[in-house]
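Below: one structure, written as structure tokens.
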Amino acid sequence: MKITIVGIAGGTGSGKSTFTNRLKEKFGDQIVVLYHDNYYRRQDDIPFEERKKKNYDHPDSLETDLLIEHVKKLKAGQAIDCPVYDYSQHNRSDRTIHIEPRKVIVIEGILLLADPRLRELLDIKIYVEADADERILRRVVRDVKERGRDIDNIVDQYLTTVKPMHYMYVEPTRATADIVINSGMNNVAFDVLQYKIAHLLEAEEE
């Protein structure tokens, strides 16, 4: 089985999760989705208050080596046990998700295109961008509603790490993408990619 890896990157609040979720809704269990966020490093030895202040937007905060190992296994037709990150605790949880390989695997993350080793494993590279004001507003709403964060922590984190790391590590990866789209709700880009994925899935059945 030939496996195609689709990478979806972009800044925080850019709309990449919206785009990814639309693909999940469209294809369901026919595709597999991995999240780079689940590969944040374990921090069991660091107190919670200190974990809140860590820089989670620097490439070193992620165990990308493990993600690369998992992607290679999936491409070779082997199953993996993916870690699960707990945003409310700023730490990796003890749970894992068993993932079987599929014809199409989608990987999402802000720093997905920052590591050249990972880029080489991606067959299709997509970068989702959005206005900075829109991104911060979406992040505030998401972190409060979905991740149990408080406003002061969100603002402090954005100004001290998220914003500077975006310009240093995330935005430069835009140039490495095959496709750049301006919104997770860009229907033209979505139609093009869903057509491509449908074609790949049909080719496997023939």
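Remember, it's a predicted structure, so these values are computed and weren't measured experimentally.
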Side-chain ion pair, [X] and [Y], N-O less than 4.0 Å:
X   : Y    : value
K53 : D156 : no
E25 : R22  : no
K73 : E69  : yes
R42 : D94  : yes

Is it the case that over 12 heavy atoms from other parts of the model lie below 6.0 angstrom from the [atom1] atom of [X]?
X    : atom1 : result
K163 : NZ    : no
D44  : CG    : yes
R41  : CZ    : yes

Any heavy-atom pair between the side chains of [Y] and [X] that's under 4.5 Å?
X    : Y    : answer
V104 : L23  : no
Y56  : M165 : no
I5   : D123 : yes
L122 : L113 : yes
Q89  : R51  : yes
D115 : I68  : yes
I110 : K16  : yes
Y127 : E171 : yes

Distance-only, no hydrogens or angles: does the T161 side chain make a donor-acceptor pair with backbone N or O of D57 under 3.5 Å?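 Answer holds: no.
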Should the pair Y195 and H199 be assigned to parallel (<30°), tilted (30 to 60°) or perpendicular (>60°) ring geometry? parallel
Is the F19 ring parallel, tilted or perpendicular to the F190 ring (thresholds 30°, 60°)? perpendicular
If you measure from [atom1] on [X] to [atom2] on [Y], what distance do you get to the nearest 0.5 Å?
X   : Y    : atom1 : atom2 : answer
K54 : D60  : NZ    : CG    : 9.5 Å
Q30 : K103 : CD    : NZ    : 12.5 Å
R92 : D86  : CZ    : CG    : 12.5 Å

Among I105, I107, I80, I3, the one residue meeting side-chain contact (heavy atoms from CB on, under 4.5 Å) with V32: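 So the option named by the test is I105.
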